[in-house]
Each structure stands twice: as C-alpha cells, then as structure tokens.
Amino acid sequence: MIGVLNLTPDSFSDGGRFMARDRALEQARHMAEAGAHLLDVGGESTRPGAAAVDVDEELERVVPVIEMLATDLPLPISVDTSKPEVMQAAIAAGAGFINDVRALRAPGALEAAAQLRVPVCLMHMLGEPRTMQSDPRYDDVVTEVRDFLGERLQACVAAGISRDRVILDPGFGFGKTTGHNLTLLRQLHELLGLGCPLLVGLSRKSLIGALTGAPVEQRLAGSVALAVMAAWSGARMVRVHDVAETVQALRVHDALRYGVEH
Ligand code: 9MG
C-alpha cells in the first residue's frame, strides 16, 4: 500500500512553505499509522492539464520533506519525479524508490536511476499531463500499453537496472478515456506476463467521477472498490490517498483470496 503525499501548492499551501511542511509531516504520520508500506512524495502535479514545474522549485518542495520523513518515520519513501536531478537529491535525502510517470524517458533519467540502484516504477502515459486527455486514441489499448512497458523494461535492463528492481504501472487516467481505463482494468492480468510486479493508481481518479458523477472529494467508495478489483486482477501495489479504508478492504480481499488473516 502506497500513501500519496502531494507537495504541490494546491495540496498544502495556505500557510506558506513551513506550515505546508508541518502539515505534510502530519499527513505522512497519519498514513503510516493507518498501515501504509511506502509514502510517495511528489512536488509536480501530474493531473490532466497540469503545467510543468522547474527543477529548482521541485527540489525545494520535495527534498526538505523527504529529509524530515526519513528521520521521523519508519517507512520507506518513494519520490514521484521524472527529473534526474530530483531523483538524485531525493535518494540522497533518504528516499529509496523512484516513481516515474514518464518511465525514465526524460534525458538522463535512465542513467540516474541505474546509478542510484533503487527500485523504480515505470508508468505508461500517452502524451504529457497538459494535453494527455485531449482525445487519446489507441488501436488496442492493452497491447499498446503492454508493448510500451515491455520496451521500457528492456531499456532499463540495457542500462544496467536489474529487472527485479522494476515495477510496472499501466497509468490509469494518463492519456486514457473511461473506456480505455475499463478495458485495461478488465485485462490487467495480461500485463503480468511481463514478469514484474504491477502497481496501480486509481484513487480519486476521474474514471470514478465519469462512472458515478461523484466530485473528487466524494470518491472514497469508488476508490476502494477499484483498489480491491485491481488487487484481485493481480496488482501487487496500490497507490492511494485513503490508506486506512483501503487497508481494511484489502485485508478482506487477502483473506478471501489467499487465506491470509492479519
Ligand atoms: C504520480 N501518480 C499519479 N497517479 C499515478 C499512478 O496511477 N501511478 C503512478 N505510478 N504514479 C502516479
């Protein structure tokens, strides 16, 4: 279970940077107590329409918080970034995992991840956040996502990243219509053949809004339902905002599916 810790201005901005850091730490503690296994810290929004952030601003947002979390919490930390400079600084500050929605395609990112020797999540995205939801098209979304992830996995291996350090993610909502997301979720098991653990992020996404009409702050039930269905279809890691509720649901799932009682 991965808890989301967004450090973008719309997340914690009201009292300035220092207050934002305190509130981020409080939220991180809350997610750790609720049962998160990893905290994913990000300083650049990847929501549809989001503008890019420059490297200095991203470093300023994430590095001090990662330093605080690494000393304060007994949990591993992931950095959600595509920039090699941020990967390097975040790992030096105490992070131990890279979550890259651009699958290490930015110049220098593949080399940085190889040199840092930490696990990496490679995510599929069609286009860039600013434009990705304007009419995304595929001939066959499952085949195209699988081929992309397979190609990025090969690029990692060629760069010296061991395949047992790679996690793959189909990127729900990243350049995908509701129909594409549903097809991918129904056929998620087809990505298991790539031989890497699967991570999914479905929490509060617009897919739930499209199916139910619920605004983003009322998508808890839909988020938990999708986390359970993804786990049932083979996802090993789920990236969520509502950790306690998802932990409870996945415990029920694990008991039913694997006979695991916590
Ligand atoms: C940063 N981020 C936002 N949504 C995400 C998702 O679905 N997967 C991953 N790996 N990262 C995400």
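Numbering of ligands and ligand atoms starts at 1, following listing order.
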Under-4.0 Å salt bridge between Glu33 and Arg29: no

Residues which pass side-chain hydrogen bond (donor to acceptor under 3.5 Å, both in side chains) with Asp140, listed by chain and number, not counting sequence neighbours: Thr143

Within the 4.0 Å heavy-atom sphere of ligand 1, strictly under, residues: Thr46, Asp80, Asn99, Val101, Cys121, Met123, Asp169, Phe174, Leu199, Gly201, Lys205, Arg239

Sequence-distant partners of Asp54, side-chain hydrogen bond (donor to acceptor under 3.5 Å, both in side chains), two or more places apart: none

Side-chain H-bond candidate by donor/acceptor type, His241 with Ser203, under 3.5 Å: yes

Same apolar cluster (I L V M F W Y, side chains within < 4.5 Å links), Val101/Leu38: no

Pairs involving residues 110-141, ordered by first then second residue, that meet ring pair (Phe, Tyr, Trp, His ring centres under 6.0 Å) (sequence neighbours left out): His124-Phe148, Tyr138-His180

